[in-house]
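Structure first, then comments.
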Amino acid sequence: MARRETVFFCTECGYEVSKWTGVCPGCHAFNTMTEAPRESGRPAGNGASVRRIDLPKPLPLSAIPEESEERISTGMEELDRVLGGGVVSGSLILTGGDPGIGKSTLLLQAARNMAAGGKKILYISGEESLRQIKLRARRLGEFPDELRFLCETSLDAILKLLQEEKPAVVVIDSIQTMMKEDVSGTPGSPSQVRECTAQLLQTAKSLSITVFIIGHVTKEGTVAGPRMLEHMVDTVLYFEGDRHASYRILRGVKNRFGAVNEIGVFEMRSEGLAEVPNPSAFLLSGSAEQDSGSVVSCVIEGTRPLLLEVQGLVSRSAFGMARRTAAGVDYNRVNLLLAVLEKRCRLSLSDCDAYVNIAGGLRVNDPALDLAVILALYSSYRNLLLPPHLIVFGEVGLSGELRDVPFTEQRVQEALRLGYTSCLLPRASLNRGIKAKGMKLIGAAGLDEAIRYLHAASPARPESEEGGRA
Ligand code: TYD
Ligand code: MG
């Protein structure tokens, strides 16, 4: 009986099945199953295998030799931190992001810095010609000869070169342009992307070469995105940011050699990417003078505290259909917080539009932002000015209680560093014995207490501006 020679797998999560289905059983995405040849190495015949199998030998931890992993610095502190303290040799690092966000620029700069440290580096581009690369590199400054460039899309040729040259680091720009001869599909198709990555992984491990793979994040379709590769590689970095704004955020979403969710902040300049060592000041730099609806809070991204401005706007709906929008925070969370505000503070918001925005375009998941979101909306609704130099943070529960959040002291210290003098926070957090000289700590047990404080401490507006919706 002839065996099926192809399998179907999901372009989103890589789940593999032998028959086509409309919905992926793994991630429940629609219409993502793609046909691909059965991977070589797996026998398709039904004859019993006669290969002799050596008996595997499990080891206790104590018998495993300790290896101190060698790390190479990329010369960029922001990138090193996201990687967990530099590049581990022999690791495979996937760098994803929208086209044009700056992936090539970032890795070109990292490659240059590593080459300047005396390492042999290869930059292989399937996207740009050598002249284009030279044009770009000219804006970035001097390049040492240890860094060499190649335009190539044939993976077989690249693997051969790696075996011959054994560079310390190789950059593949991008995986969607690479093509392996004995695999079906055009470059960028799921089978090509998957197989090319698998081959690079094997080479990285066996020759101890660090491989950076660039992958474009693409809309669903026939071209495979980096999401499909996440499970194969050691480290996954995503480069995010508004293409029209100058700053970029590099986020680690998977790291076998360090903490995840670390972020690095960069600014795209005319001479390449510059590190932003003080992102709090950067994120707050555009904020207007203290006005209603604007609250400064502190979130933790990875291990670092970041100050940011939460903006809220509440206005009467024009068409009787209240609109809610959330940019930078979870939409459902904002709806939940609006419901808490409505019920616990007896506001009537059903005929109001409500908008929440994180200034600077950062995306945040930290529940410590709850209090700032609520107070920004409340202050806009009441047209209430917030006290100057105040930061607020705390998680808000469904009954309006304020809950303690981790890393309280780091948050307060960061605020202190940027010149803030008072901090509204959950009363439970005060029990932690925060050391913060020069910071006035105001603990509130619930939302009502926090709001009472705002009213008491709010600076008076000039008479002409008076008039909220109270
Ligand atoms: P690029 O690294 O080519 O993006 P990707 O590889 O992710 O597709 O970056 C392209 C953008 O960056 C392009 O719009 C131009 C801009 N850029 C600068 O602003 N300054 C620079 O020094 C460089 C090299 C690029
Ligand atoms: Mg590029």
Side-chain angles (χ1 to χ4, degrees), residues 74-76 78-79 82-83 87 92-116 121-144 147-153 155 158 169-179 187-188 192-193 196-197 200 211-219 221 223-230 233 235-253 263-276 282 360-361 363:
T74 60
M76 289 191 265
E78 297 289 306
L79 177 56
V82 178
L83 289 169
V87 184
L92 193 71
I93 300 152
L94 176 67
T95 310
D98 292 332
I101 200 81
K103 302 178 295 296
S104 304
T105 309
L106 177 75
L107 291 186
L108 196 58
Q109 286 180 235
R112 177 202 43 204
N113 297 347
M114 289 186 282
I121 318 281
L122 270 177
Y123 190 103
I124 301 174
S125 177
E127 303 218 324
E128 291 161 305
S129 68
L130 287 174
R131 279 188 48 207
Q132 279 173 309
I133 294 177
K134 183 154 186 167
L135 218 62
R136 179 209 303 270
R138 214 161 39 198
R139 300 162 72 170
L140 307 177
E142 292 290 309
F143 277 73
L147 171 58
R148 282 170 309 149
F149 296 88
L150 176 73
C151 282
E152 183 60 73
T153 56
L155 195 82
I158 291 171
V169 179
V170 57
V171 180
I172 305 286
D173 186 6
S174 65
I175 192 69
Q176 274 109 347
T177 56
M178 294 300 147
M179 165 93 174
Q192 282 286 355
V193 166
C196 288
T197 307
L200 285 166
V211 182
F212 280 95
I213 292 179
I214 292 179
H216 296 294
V217 174
T218 50
K219 308 243 160 56
V223 183
R227 308 260 2 215
M228 202 184 75
L229 304 174
E230 280 181 5
V233 302
T235 304
V236 181
L237 313 177
Y238 278 107
F239 213 24
E240 332 174 319
D242 190 347
R243 267 180 70 179
H244 306 290
S246 65
Y247 72 90
R248 303 278 185 272
I249 287 165
L250 186 69
R251 196 183 289 275
V253 296
I263 64 164
V265 185
F266 296 88
E267 188 186 354
M268 183 61 98
R269 300 211 185 129
S270 57
E271 69 282 352
L273 286 161
E275 299 180 64
V276 179
F282 191 74
R363 256 179 286 147

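These numbers were taken from a predicted model, which means no experiment stands behind them. Keep in mind that the numbers below use all heavy atoms, side chains included, and drop hydrogens, waters and symmetry copies. Counting starts at 1 for both ligands and their atoms, following the listed order.
Protein N, O or S atom count below 2.8 Å of the Mg ion (ligand 2): the structure gives 1.
Using a 4.5 Å heavy-atom threshold, the side chains of Leu122 and Val171 count as separate. Contact annotation: the side chain of Pro187 never approaches that of Gln192 to less than 4.5 Å [non-hydrogen atoms, C-beta and beyond]. Contact annotation: the side chain of Gln109 approaches that of Leu140 to within less than 4.5 Å [non-hydrogen atoms, C-beta and beyond]. Considering only heavy atoms from C-beta on, Val170 comes within 4.5 Å of Ile124 through its side chain. Contact annotation: the side chain of Val87 approaches that of Thr74 to within less than 4.5 Å [non-hydrogen atoms, C-beta and beyond]. By the 4.5 Å heavy-atom criterion applied to side chains, Glu78 and Val265 are counted as neighbours. Ile249 has its side chain out of reach of Arg363: every pair of non-hydrogen atoms, C-beta onward, lies at least 4.5 Å apart.
The N/O atoms of Pro99, backbone and side chain alike, include none that comes under 3.5 Å of an N/O atom in ligand 1. Considering backbone and side-chain atoms together, His216 places no N or O closer than 3.5 Å to any N or O of ligand 1. The distance criterion of under 3.5 Å between nitrogen or oxygen atoms is met by Gly102 with respect to ligand 1. Note: no N/O pair closer than 3.5 Å links Glu128 and ligand 1 by distance alone.
Expressed to the nearest 0.5 Å, how far CG of Leu79 lies from OG1 of Thr95 amounts to 8.0 Å.
Judged by the 6.0 Å distance and 45° axis criteria, Arg248 is not positioned over the aromatic ring of Phe239.
Interface of Arg269 with ligand 1, defined as ligand atoms under 4.0 Å from a residue heavy atom, comprises 18 (C), 19 (O), 20 (N), 21 (C), 22 (O).
Between atom 18 (C) of ligand 1 and the options Met268, Glu271, Gln109, the minimum heavy-atom separation is to Met268.
When heavy-atom distances to ligand 1 are checked against a 4.0 Å cut-off, Ser104 comes that close through both its backbone and its side chain. At a heavy-atom cutoff of 4.0 Å, ligand 1 is contacted by the backbone of Ser270 but not by its side chain.
Across Ile172, Ile213, Val211, a single residue satisfies side chain to side chain contact (heavy atoms under 4.5 Å, CB included) together with Leu94, and that is Ile213.
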